[in-house]
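As structure tokens, the structure follows; a few thoughts come after it.
This one's a predicted model, so the numbers in the text were calculated from it and none came from an experiment. Computed over heavy atoms, backbone and side chain alike; hydrogens, waters and symmetry mates excluded.
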Amino acid sequence: MKSMRYYLKPHFMKISIQFSIKFFGTITDLLLPWLLSYIIDDIAPTNNINNVYFFGGIMIACAAVALICNVTANRMAVSISCTIIEKIRHELFEKVCYLSNSQTDDITTPSLVSRLTSDTYNMHRMLDRIQRIGVRAPILLLGGIAVTLTLEPVLTLVLLGAMPLLTIIVVFISRKGTLLYTKTQQSVDLLVRKIQENFTGVRVIKALSKTEYEKERFEQINSELAKNEQYAGVIMATTNPVMNLLLNTGLVLVVIIGAYRVNSGVTQPGKIIAFLSYFTIILNALLMVTRLFVMYSKGAASSKRVMKVLNAPKQMRVEHVEPKRTDTHIEFRNVDYSYNNVKNNLTDISFSLKHGETLGIIGPTGSGKSTIINLLLRFYDVNSGQILISGKDVKSIPFEQLYNKFGVAFQNDFLMADTIFENIDFGRSLDSNAIEHAAKIAQVDFIKSDKDFTKRLVPRGENLSGGQKQRLLIARALAAKPEILILDDSSSALDYLTDSALRNALNRDFGDTTKIIVAQRVSSVINAEKIILLDNGKIVGAGTHEQLLSENTQYHNIYQTQMGDWG
């Protein structure tokens with residue numbers, strides 16, 4: 001179970017040294033008012049100017065030491081906090097990459113984005129301020145009170161009288177602040193989601209003249225976030241004026257009482273001056289403590305959100321399942337699955353493929369076509385039934401070994417802001433000949449020479465047409481010569497001639513590769529050895545094109561609608 005302590009432990013020695021330097025520098029700071037008092041009350045009356053210069057020099061030296069120590073400690077604090085947050089951010093990103101799809105669905109992508117950005121930033125500020133203020137403020141506060149007790153015990157009672165009330169205010173507001181900032185970060189999640197939606201759908205929004213409508217929706221979310229931030233800020237900001245009121249009231253009482261005591265000869269002017277200096281130090285220390293509690297409230301709320309992701313259990317583990325002897329390559333056995341465990345999205349799905357065979361999956365939108373692919377890739381685990389690859393249950397295959405079997409092109413996949421070559425290679429360090437061959441098979445005809453591979457794409461490949469994007473994504477899936485090729489509605493933007501050329505090239509050069517083609521068009525699966533027709537998560541037809549055309553009314557209607565009544 002990871003916590004902040006887990007990340008702080010490796011830096012214990014550095015933090016200890018930083019605390020020690022900060023402690024020494026702060027103690028030196030506390031000596032300055034006492035030295036001033038000593039010079040005024042004990043040295044000045046002797047009229048010995050040399051002693052005044054001597055102790056004045058000591059004050060300058062103390063100020064220099066305090067400055068050097070505080071600057072050094074602050075630099076160390078920044079370095080330590082940056083190192084810790086860098087590690088947290090890296091592990092958080094790694095954890096997000098390995099979250100199951102179910103966990104990602106529960107947390108939501110916008111929330112993960114805000115946890116990686118604003119939440120880690122809040123944690124960084126909390127760690128930095130705790131190291132810088134968390135040591136200095138308590139020492140100044142407690143040390144100042146201790147010194148004032150030796151200087152003027154009577155006047156110190158005025159200060160101590162306000163401390164219980166100040167402590168209650170700080171504790172109450174800090175607890176309240178943690179809850180408020182948690183709610184604020186949830187509003188940030190909604191804002192990030194809305195921004196993502198608008199950036200992704202900006203063309204549709206403009207095309208349908210919905211800019212003003214989206215601006216109003218954004219304004220609602222933005223206003224809610226501003227309202228939550230304002231409320232949290234107002235609650236947390238009450239500490240400063242309340243503490244200022246109490247402490248300044250105490251300061252006035254100290255001046256009045258101190259004047260009477262000096263006038264009556266009970267105390268000396270130097271002690272009153274030193275006491276006022278210490279009172280100011282204590283006041284500033286308390287204000288630093290309040291600022292620290294604000295930072296802590298934000299950081300603690302963000303830390304809970306980040307640690308919730310880091311400590312998320314690993315839902316999908318490699319299980320030991322005895323392999324079965326079989327000559328099939330891919331087999332689904334009575335598979336049921338539900339995304340929300342309320343209603344099945346897939347029911348009793350069974351089929352098998354031999355090596356090199358092609359399966360076509362067709363059906364209306366929402367019939368479960370992509371869900372079959374998600375289960376085969378083990379993005380989700382089946383509720384019941386079994387999925388086998390070469391006789392091995394997918395649950396028993398290590399993830400890296402499992403994913404290396406596949407080449408996948410999704411309909412709504414992404415392209416990076418990089419060269420065409422790097423988008424096909426995708427960080428796999430593939431041979432350039434394999435990439436060129438994959439581009440040729442995928443009918444990437446807009447690459448005429450090696451120079452075209454160096455052409456840079458804008459984010460999401462927006463400088464390409466829909467068909468060009470899909471051909472690049474298919475080339476990416478083919479480049480590593482996968483054992484299983486999955487084309488999930490990834491040829492929908494291709495014209496019929498290009499689609500036909502692609503299928504012929506796949507049959508010619510990837511004959512040993514088992515292929516699964518998810519499509520809306522009958523023409524994309526017409527030559528598949530097996531075709532399954534899905535409707536409402538169930539197989540309502542299975543066989544070759546000719547068998548389905550003659551035996552399945554629903555398939556025949558789809559074919560007749562798309563191709564016309566000739567065949």
If you define the side chain from C-beta out and look only at heavy atoms, does anything of Phe426 sit under 4.5 Å from Met416? yes
Any chance the rings of Phe55 and Tyr53 have centres within less than 6.0 Å? no
Is it true that Glu214 and Arg217 make a salt bridge, defined as a side-chain N closer than 4.0 Å to a carboxylate O? yes
Would you say Leu225 and Thr184 make side-chain contact, with heavy atoms under 4.5 Å? yes
Would you say that Ile17 contacts Met76 through its side chain, given a criterion of any heavy-atom pair below 4.5 Å between the two side chains? yes
What are the two closest non-hydrogen atoms of Pro33 and Asp29, and how far apart are they? CD-O, 3.6 Å
Under the criterion side chain to side chain donor-acceptor pair (under 3.5 Å), I'd like the reasoning laid out for Arg193 against Thr109: C-alpha separation, chi angles, the key distance, then a yes or no. CA-CA 8 Å; Arg193 185 182 71 183; Thr109 301; over 6 Å; no
Using side chain to side chain donor-acceptor pair (under 3.5 Å) as the criterion, list what pairs up with Asn122, not counting sequence neighbours. Ser302
With sequence neighbours left out, write down each residue that passes salt bridge (Lys or Arg N to Asp or Glu O under 4.0 Å) with Lys405, or none if nothing qualifies. Glu483
Check this for me: Gln401, atom CD, are more than 12 non-hydrogen atoms of other residues, nucleotides or ligands nearer than 6.0 Å? yes
Determine all donor-acceptor pairs shorter than 3.5 Å in which one atom belongs to a side chain in residues 3-13; sequence neighbours excluded.
| unit_1 | atom_1 | unit_2 | atom_2 | d |
| --- | --- | --- | --- | --- |
| Ser3 | OG | Arg5 | N | 3.4 |
| Tyr7 | OH | Glu91 | OE1 | 2.7 |

Kindly write out the residues that satisfy side chain to side chain donor-acceptor pair (under 3.5 Å) with Lys308, not counting sequence neighbours, or none if the list is empty. none
I need the Asp425 CG to Asp418 CG distance, nearest 0.5 Å. 10.0 Å
For a quick check under 3.5 Å, do Tyr380 and Asp105 share a side-chain donor-acceptor pair by atom type? yes
Donor-acceptor pairs under 3.5 angstrom involving side-chain atoms of residues 227-236: please list them, not counting sequence neighbours.
| unit_1 | atom_1 | unit_2 | atom_2 | d |
| --- | --- | --- | --- | --- |
| Asn228 | ND2 | Ser187 | OG | 2.6 |
| Asn228 | ND2 | Glu224 | O | 3.4 |

CA sep, side-chain torsions, deciding dist, call: Ser100, Lys314, side-chain contact (heavy atoms from CB on, under 4.5 Å): CA-CA 8 Å; Ser100 70; Lys314 191 173 183 179; over 6 Å; no
If the condition is salt bridge (Lys or Arg N to Asp or Glu O under 4.0 Å), which residues does Glu216 pass it with, not counting sequence neighbours? none
At what distance, to the nearest 0.5 angstrom, does CD1 of Ile88 lie from NZ of Lys2? 9.5 Å
Is it true that, when you exclude Phe410 itself, more than 12 heavy atoms of the residues, nucleotides or ligands shown sit nearer than 6.0 Å to its CZ? yes
Take Ser303 and Met123 through the side-chain contact (heavy atoms from CB on, under 4.5 Å) test and state the conclusion after the steps. CA-CA 6 Å; Ser303 178; Met123 292 172 67; 4.1 Å; yes
Can we call the ring centroids of Tyr98 and Phe399 under 6.0 Å apart? no
Give the minimum heavy-atom separation between Ala77 and Gln18, together with the two atoms involved. CB-NE2, 3.8 Å
dist Thr26:OG1 -> Ile21:CD1 (nearest 0.5 Å) comes out at 11.5 Å
Minimum heavy-atom distance Cys62-Leu32, with the two atoms named: CB-CD2, 3.7 Å
Take Arg75 and Ser79 through the test side chain to side chain donor-acceptor pair (under 3.5 Å) and record every step on the way to the result. CA-CA 6 Å; Arg75 288 173 66 89; Ser79 175; over 6 Å; no
Shortest non-hydrogen contact from Ile139 toward Phe23: CD1-CD1, 3.1 Å
Closest heavy-atom contact between Pro482 and Gly407? CB-N, 3.3 Å
Return the set of residues passing side chain to side chain donor-acceptor pair (under 3.5 Å) with His320 (not counting sequence neighbours), or none when no residue passes. Glu322
Do Asn345 side-chain atoms and Gly368 backbone N/O form a donor-acceptor pair below 3.5 Å? no
For the OG atom of Ser338 and the CG atom of Asn344, what is their distance to the nearest 0.5 Å? 5.5 Å
Salt bridge (Lys or Arg N to Asp or Glu O under 4.0 Å) against Arg125, all qualifying residues, sequence neighbours excluded: none
My understanding is that only residues two or more places apart in sequence, or in another chain, count here; which of them pass ring pair (Phe, Tyr, Trp, His ring centres under 6.0 Å) with Phe406? none
Mind checking side chain to side chain donor-acceptor pair (under 3.5 Å) for Arg129 and listing every partner two or more places apart, or none if nothing turns up? none
Within the supplied structure, the quantity of interest is the number of heavy atoms (other residues, nucleotides, ligands) at a distance under 6.0 Å from Arg456 CZ; does it exceed 12? yes
Could you state the interatomic distance from NZ (Lys215) to CZ (Phe218), rounded to the nearest 0.5 Å? 11.5 Å
If the condition is ring pair (Phe, Tyr, Trp, His ring centres under 6.0 Å), which residues does Phe19 pass it with, not counting sequence neighbours? none
So which atom in Asp189 and which in Ser111 form the shortest heavy-atom distance, rounded to 0.1 Å? OD2-OG, 3.0 Å
Considering residues, nucleotides and ligands other than Tyr339, do more than 12 of their heavy atoms fall under 6.0 Å from its OH? yes
Is Arg132 salt-bridged to Asp128, cutoff N-O under 4.0 Å? yes
By salt bridge (Lys or Arg N to Asp or Glu O under 4.0 Å) - contacts of Lys22 (at least two apart): none
Atom pair CD1/CG of Ile27 and Leu140 - distance to nearest 0.5 Å: 8.5 Å
